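Comments concern the structure below.
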Amino acid sequence: MRIPVIEGIIDRRILANFRIDPEVMSRVLPAPFRPKLIRGYAIGGVCLIRLKNVRPRIMPFSWGIRSENAAHRFAVEWDADGQTHEGVYVNRRDTDSCLNALAGGRIFPGTHHHASFTVSESEDHFSVSMQSKDGQAQMKVVGSITDRLPESSVFDSLAAASEFFEQGSLGYSASDAEGRFDGLELRCHDWSAEPLQIENIESSFFDDSHLFPSGSVEFDCALLMRGIQHEWHSRQDLCCPETIKT
């Protein structure tokens, strides 16, 4: 799926991350994706992102839409064209924008589900929750800005964590066509992140014990990004495993 370059501002982006048993995560991921490991752990999480002034770059005026969006995502690798690639796999996207929900999977890459968001923010404290209209997904993250990652994190430093997630700029999302994944690349003009100390985190996906048995998933760390100029670039769809192997 090809779209014009989309630009805008990441007004607020929370990446709340879990360290996951690789074997468990492998069962959740569709082919051709496999977990990208750090210190023997797979990494997955939720993204709660508010975008503003989003518009095609070709538009000559400063109009744009604003939306709250959520995603369940995984750091992954895959093989294609004789090379190993890395990025993220997004198994579900939710948005409060009727336009995004209508266009997702048709005009804009990735199916988007309509959802409601409840947001309470100050300069250093954030509470964001999402409830999908179809009742299939919900998440909530509450936290405050801090100066360091948790001691239990698999990342040695904020710089290491920030670099890890910056490398996941290429994302693939499940589409309406089985075995085909829509590609989208995020390009930030000035990537920067700060750590969040999490007070409460909930996810209908990662809290599902049928998918993630007790002990297989633990909270690791959370990052906050604010006021980031960015662009979205469409990338060639990733097709079914049978096509990739030939």
Side-chain angles (χ1 to χ4, degrees), residues 1 15-47 49 70-94 105 109-111 136-137 139 149 152-156 160-187 191 193 201 203-223 232-246:
M1 178 178 294
L15 293 172
N17 311 296
F18 299 90
R19 52 183 180 270
I20 304 169
D21 183 305
E23 292 187 9
V24 172
M25 186 164 141
S26 293
R27 295 197 293 267
V28 174
L29 292 174
F33 302 109
R34 61 180 180 269
K36 177 183 176 181
L37 302 184
I38 178 168
R39 294 191 173 181
Y41 288 99
I43 300 293
V46 300
C47 172
I49 184 170
H72 287 95
R73 60 203 300 275
F74 306 87
V76 295
E77 296 178 335
W78 66 94
D79 296 324
D81 303 320
Q83 295 182 323
T84 296
H85 304 265
E86 64 179 77
V88 295
Y89 169 68
V90 180
N91 77 324
R92 182 178 173 108
R93 296 183 186 272
D94 290 272
T111 301
Q136 298 301 305
M139 64 176 72
L149 298 180
S152 59
S153 175
V154 296
F155 299 102
D156 292 330
S162 182
E163 180 182 5
F164 180 90
F165 293 105
E166 185 176 8
Q167 291 172 352
S169 59
L170 175 58
Y172 281 96
S173 304
S175 71
D176 292 333
E178 184 176 357
R180 193 197 77 208
F181 305 95
D182 293 337
L184 192 64
E185 181 184 358
L186 171 63
R187 295 184 185 177
W191 178 283
I201 182 168
S203 162
S204 55
F205 187 72
F206 291 104
D207 293 342
D208 187 342
S209 60
H210 296 288
L211 296 175
F212 300 97
S214 178
S216 67
V217 57
E218 295 180 290
F219 173 74
D220 187 84
C221 66
L223 302 180
W232 300 99
H233 293 251
S234 64
R235 288 293 174 256
Q236 184 176 359
D237 293 350
L238 191 61
C239 294
C240 61
E242 289 77 14
T243 301
I244 292 171
K245 291 177 181 177
T246 59

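Small disclaimer: the values here were computed from a predicted structure and weren't measured. Count residues from 1 along the sequence.
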Are D79 and R34 close enough, and set up right, to give a side chain to side chain contact (heavy atoms under 4.5 Å, CB included), and what steps lead you there?
CA-CA 9 Å; D79 296 324; R34 61 180 180 269; 3.2 Å; yes

When every non-hydrogen atom of A137 is compared with those of R92, the smallest separation belongs to CB-NE, 3.3 Å

Set out, in order, the CA-CA distance, both residues' side-chain angles and the distance that settles side chain to side chain contact (heavy atoms under 4.5 Å, CB included) for F181 and F33, then state yes or no.
CA-CA 11 Å; F181 305 95; F33 302 109; 4.0 Å; yes

Salt bridge check, R19 against E218: does any charged N sit closer than 4.0 Å to a carboxylate O?
yes

How long is the gap from CG on L184 to CZ on R93, to the nearest 0.5 Å?
6.0 Å

Considering all heavy atoms, the nearest R73-C47 contact:
CD-CB, 3.6 Å

Output the distance between atom CG (L170) and atom CG (L238), rounded to the nearest 0.5 Å.
9.0 Å

Gap separating the CG atom of D21 from the CZ atom of R27, nearest 0.5 angstrom
7.5 Å

For P35 and P22, which heavy atoms make the closest approach, and how far apart are they?
CG-O, 3.8 Å

Reported CD1-to-CG distance for the pair I49 and L15, which is rounded to 0.5 angstrom:
8.0 Å

To the nearest 0.5 Å, how far apart are OG in S216 and CE in M25?
11.5 Å

Do the ring planes of F18 and F219 sit parallel (below 30°), tilted (30 to 60°) or perpendicular (above 60°)?
perpendicular

Pair L29-N91, side chain to side chain contact (heavy atoms under 4.5 Å, CB included): steps then yes or no
CA-CA 9 Å; L29 292 174; N91 77 324; over 6 Å; no

Between CD1 of I201 and CG of D207, what distance do you get to the nearest 0.5 Å?
8.5 Å

Could you go through N17 and F165, starting from their C-alpha distance and side-chain angles, then the distance that decides it, and tell me whether this counts as side chain to side chain contact (heavy atoms under 4.5 Å, CB included)?
CA-CA 10 Å; N17 311 296; F165 293 105; 3.3 Å; yes

Short question: side chain of H85, backbone of A80 - any donor-acceptor pair under 3.5 Å?
yes

How far apart are the closest heavy atoms of V24 and P213, and which atoms are they?
CG1-CD, 4.1 Å

Tightest non-hydrogen contact, residues I20 and G44, listed as CD1-N, 3.6 Å

OH/Y41: more than 12 non-hydrogen atoms of other groups inside 6.0 Å:
no

Of all heavy-atom pairs between S153 and D220, which one has the smallest distance, and what is that distance?
OG-OD2, 2.8 Å

Is the ring pair H72/F206 parallel, tilted or perpendicular, if the boundaries are 30 and 60 degrees?
tilted

Sub-6.0 Å ring centroid separation between Y172 and W78:
yes

Look at the aromatic rings of F205 and F74 and report parallel, tilted or perpendicular, splitting at 30° and 60°.
perpendicular

